[in-house]
Amino acid sequence: MINITFPDHSVRQFESGVTPLEIAKSLSEGLARNVLSAKVNGKMWDAMRPVNEDATIQLFTWDDPEGKATFWHSSAHLMAEAIEALYKGVKFGIGPAVDAGFYYDIDTGDITLTEADLVAIEKKMLVDVSKAEALKYFTEKGDEYKEELISELEDGTITYYKCGNFTDLCRGPHIPNTSFIKAVKLTSLAGAYWRGDEKRKQLTRVYGITFPKQKELEEYLVLLEEAKKRDHRKLGRELELFMFSDTVGKGLPIWLPKGTELRLRLQEYLTKIQKEYGYEQVITPHIGGKQLYVTSGHWDHYGEDSFRPITTPEEGEEYLLKPMNCPHHCMIFKWKPRSYKDLPFRCAEFGTVYRYEQSGELHGLTRVRSFTQDDAHIFCRPDQVKEEFIRVMEIIEIIFKALDFKNFEAQISLRDPNDHEKYVGSDENWAKAEAAIQEACAEKGLPAHVEYGEAAFYGPKLDFMVKDALGRKWQLGTIQVDYNLPERFDLTYIGADNEKHRPVMVHRAPFGSMERFVAVLLEHCAGEFPLWLAPDQVIILPVSEKYLDFAKNLQSYLKKSDIRALIDERNEKIGRKIRDAEMKKYPYMLIVGEKEAAENQVSVRKHGQVDLGTMPTEAFAELIRKQVEEEQNKR
RNA sequence: GCCGGUAUAACUCAGUUGGUAGAGUAGCUGAUUUGUAAUCAGCCUGUCGGCGGUUCGAGUCCGUCUACCGGCUCCA
């Protein structure tokens, strides 16, 4: 007999060799019907795999993320089996579960899969299946991808699965029976490099998702449609915030008047906070001499993947569109001798930069070739680094709070421990910089996960990652500790000992870029901006043309009170004006007719709500002022 | 850059097996003067993404380029 410990710490005895499924059955028939996989002593486990020793056990169903992962992983195998049956001679790479569904990377040889094939595969998948074992199979079959994976596994740890006629090398676990899978949707086809290496062969990746009930698939598809409605590219056009033009060039966003209004509000807000935090604003040119980037190391690292240098016609001098602001700011630091008493020097700029992003990477406002960073560089003494770092974290905290960004992930981006070639600077400096970030996070109590290989070439970063409407992760805010650029630019300050010392740089951008931030903000609020940011805060709706004069007086009064108001002057009925104003998501509607004009009042209607009643115009202006103040002070 | 897909009016989309393009919305004009989510009538709108080819004839078939969409790779 063995002792099985459950998550509630209760212990029960079972025969050695008992399976999780049998354990579930002893608890309840219903549970047994729904168990997909288990965790035994911390290891993922098949529901039908015997347990031979004392163990703690967790049982997973569709309601657990682990259960879903098992379900989808098995679905990937089911799909592979269907593909193998339909297309002879295809070879299989990997087929894992992902956040929403699964994929399988496949070498299809001479065959090109198209979307029509996906339907055929879906059908085939829902026919039959079972499970068993085998191994030399892959060599005999000549599947070099699986062979490579096998060769890296320790002997005795290899498990593999057979699914109908399809046999796979796999760590499992799998669901007890593929009849659990009742609904299949293969969602997309894509190329994917084998093992993520661009130099190796590109396989065909098939994405899909499955469910235990047809209804759940339908609900998922509806949810997807809803998410697409929040797409910032769609909302950006509908709300007239920004545009692109093939003639201007791809990846070069153009901010329309309403989008500019929104962006300026964000910039104003951050500028105010930065003043409180001792920043000084600067402005630098959009181009810089090539030598600047040779010195910084950027030319070495990105020169080939940048816009080509601009040259002067007579002298042939080379200038680069600036891809970042730090070298310019270093020159500002160098401009005059600095004393230890002057530090930290916090140099801020909304700096527009230009980067040659691969054409396939461009994506709405989130990945562009020209964007404006809410950039700043803090030049400080080594003993000030941690405090300065924490003060930047505070600024990011204030901003994320003001905008209700709750679901961000903090990521500590460190060097790739296996590839120091990619980075500049001494190990000693890197160690200091990486330690500073980790200490600051610990001190601030910020939960952050470490990601290796994600550092900038000159230093480690703390990145704030946020997901968009479709679950894609984007880096917004970033703070970077840099011991290297001060050395490369030979920056110095005079210390209390009257000797020269090397300052440390902190690069930071709370929004990241105005473009990406606005994109993610748009998707988060689905275009319903908080009042303080809305390009148009109030729309005045005259009941008929007779009240246009009153509406115009009201508008100029509101504008004097620093409230952004417009008038729907169309010759339409009030119901129509309200409907259109609702669809444009204006935060407030003011309905004015005979009664209001006579008494200098306004009837207030808030977006998404009903009639809020009538109030004097002064009272309304005060209400707006108060709400804006509250929204900006959620510290 | 790579793989797959898409491209028809300002927007959202129809357009059979090749026979020279249509709807709704928006816009414009007029009537109506409106009280909390669509008033009515009329009018206008296109190099069918560009270029080339097949054909008596191409929005439709083929090639190519461009842009966009979904991924991969990259992201100072």
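Labels below follow one simple rule: chain letters A, B, ... track the order of the sequence lines, proteins then strands, and each chain is numbered from 1.
- Taking atom C1' in both B:C68 and B:G49, the straight-line distance is 10 Å, to the nearest Å.
- At least one test fails for A:Arg200 against the ring of A:Tyr193: distance under 6.0 Å to the centre or angle within 45° of the axis.
- The phosphate of B:G4 (OP1 or OP2) has no side-chain N or O of A:Thr114 nearer than 4.0 angstrom.
- Note on A:Glu572: a base of the nucleic acid sits closer than 4.0 angstrom, heavy atoms only.
- In this structure, A:Ile574 reaches the sugar-phosphate backbone alone: every heavy-atom distance under 4.0 Å involves primed, P, OP1 or OP2 atoms, never a base.
- Phosphate proximity of B:U12 to A:Arg237: present, with a side-chain N or O under 4.0 Å from OP1 or OP2.
- Within the 4.0 angstrom heavy-atom criterion, base atoms lie near A:Glu596.
- Nucleotides B:C44 and B:G22, compared at atom P, are 12 Å apart to the nearest Å.
- Using atom C1' as the reference point in both B:U8 and B:G24, the two lie 15 Å apart (nearest Å).
- Between the side chain of A:Arg605 and the base of B:A37, at least one donor-acceptor pair of N or O atoms lies under 3.5 Å.
- Using cut-offs of 30° and 60° on the angle between ring planes, the pair A:His77 and A:His73 is perpendicular.
- Here, B:A41 and B:U25 have their P atoms 10 Å apart, quoted to the whole Å.
- Within 4.0 Å (heavy atoms only), A:Glu238 reaches no atom of the nucleic acid at all.
- The partner of B:A14 cannot be assigned: no Watson-Crick or G-U wobble pair with both contacts below 3.5 Å exists in any strand.
- Across all strands, A:Lys573 comes closer than 4.0 Å to base atoms (heavy-atom distances).
- For B:G70, one of the phosphate oxygens OP1 or OP2 lies less than 4.0 angstrom from a side-chain nitrogen or oxygen of A:His363.
- Contacts of A:Asp611 with the nucleic acid, taken as non-hydrogen atoms under 4.0 Å apart, include base atoms.
- Distance check on atom P: B:C62 versus B:G4 gives 15 Å, rounded to whole Å.
- Contacts of A:Lys577 with the nucleic acid, taken as non-hydrogen atoms under 4.0 Å apart, are absent.
- Among the atoms of the strands shown, only primed sugar atoms or phosphate atoms (P, OP1, OP2) are found under 4.0 Å from some heavy atom of A:Ala192.
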**Message:** Please evaluate residues A:Cys330 and A:Leu491 with respect to the criterion side chain to side chain contact (heavy atoms under 4.5 Å, CB included), reporting the C-alpha separation (whole Å), side-chain torsions for both, the decisive distance (0.1 Å), and the verdict.
**Reply:** CA-CA 8 Å; A:Cys330 284; A:Leu491 306 183; 4.0 Å; yes
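- Considering only side-chain atoms of A:Gln358, the nucleotide from B:U25, B:C74, B:G4 that sits closest is B:C74.
- In this structure, A:His298 reaches the bases: a heavy-atom distance under 4.0 Å links it to at least one base atom across the strands shown.
- In this structure, A:Thr187 reaches neither bases nor backbone, as no heavy-atom distance under 4.0 Å exists between it and the strands shown.
- For the pair A:Lys322 and A:Glu349, the salt-bridge criterion is met [side-chain N within less than 4.0 Å of a carboxylate O].
- A:Arg367 contributes a side-chain N or O that forms a donor-acceptor pair with the base of B:C74 under 3.5 Å.
- The distance between atom CG of A:Leu118 and atom C1' of B:C3, rounded to the nearest whole Å, is 14 Å.
- Looking at heavy-atom distances under 4.0 Å, A:Tyr458 makes contact with sugar-phosphate atoms alone, never a base.
- For A:Asp468 and A:Trp474, the side-chain atoms include at least one donor-acceptor pair closer than 3.5 Å.
- When the C1' atom is compared between B:A21 and B:A58, the two are found 13 Å apart, to the nearest whole Å.
- A donor-acceptor contact under 3.5 Å is formed by the side chain of A:Arg579 with the base of B:A38.
- Applying the 3.5 Å distance criterion, the base of B:C2 shares a donor-acceptor pair with the side chain of A:Gln202.
- Look at the P atom in both B:A23 and B:G30: the space between them is 24 Å, to the nearest Å.
- Using the six-membered ring where Trp is involved, A:His507 and A:His377 have ring planes that are perpendicular, over 60° apart on the 30 and 60° scheme.
- An OP1 or OP2 oxygen of B:C72 is reached within less than 4.0 angstrom by no side-chain nitrogen or oxygen of A:Tyr193.
- Checking the phosphate oxygens (OP1, OP2) of B:G71, a side-chain nitrogen or oxygen of A:Arg472 falls inside 4.0 Å.
- B:G71 has no base stacking with the ring of A:Tyr207 when judged by centroids under 5.5 angstrom apart and an interplanar angle below 30°.
- Between the side chain of A:Tyr356 and the base of B:G1, no donor-acceptor pair under 3.5 Å is found.
- Remark: A:Arg576 is in phosphate contact with B:U39, judged by side-chain N or O atoms under 4.0 Å from OP1 or OP2.
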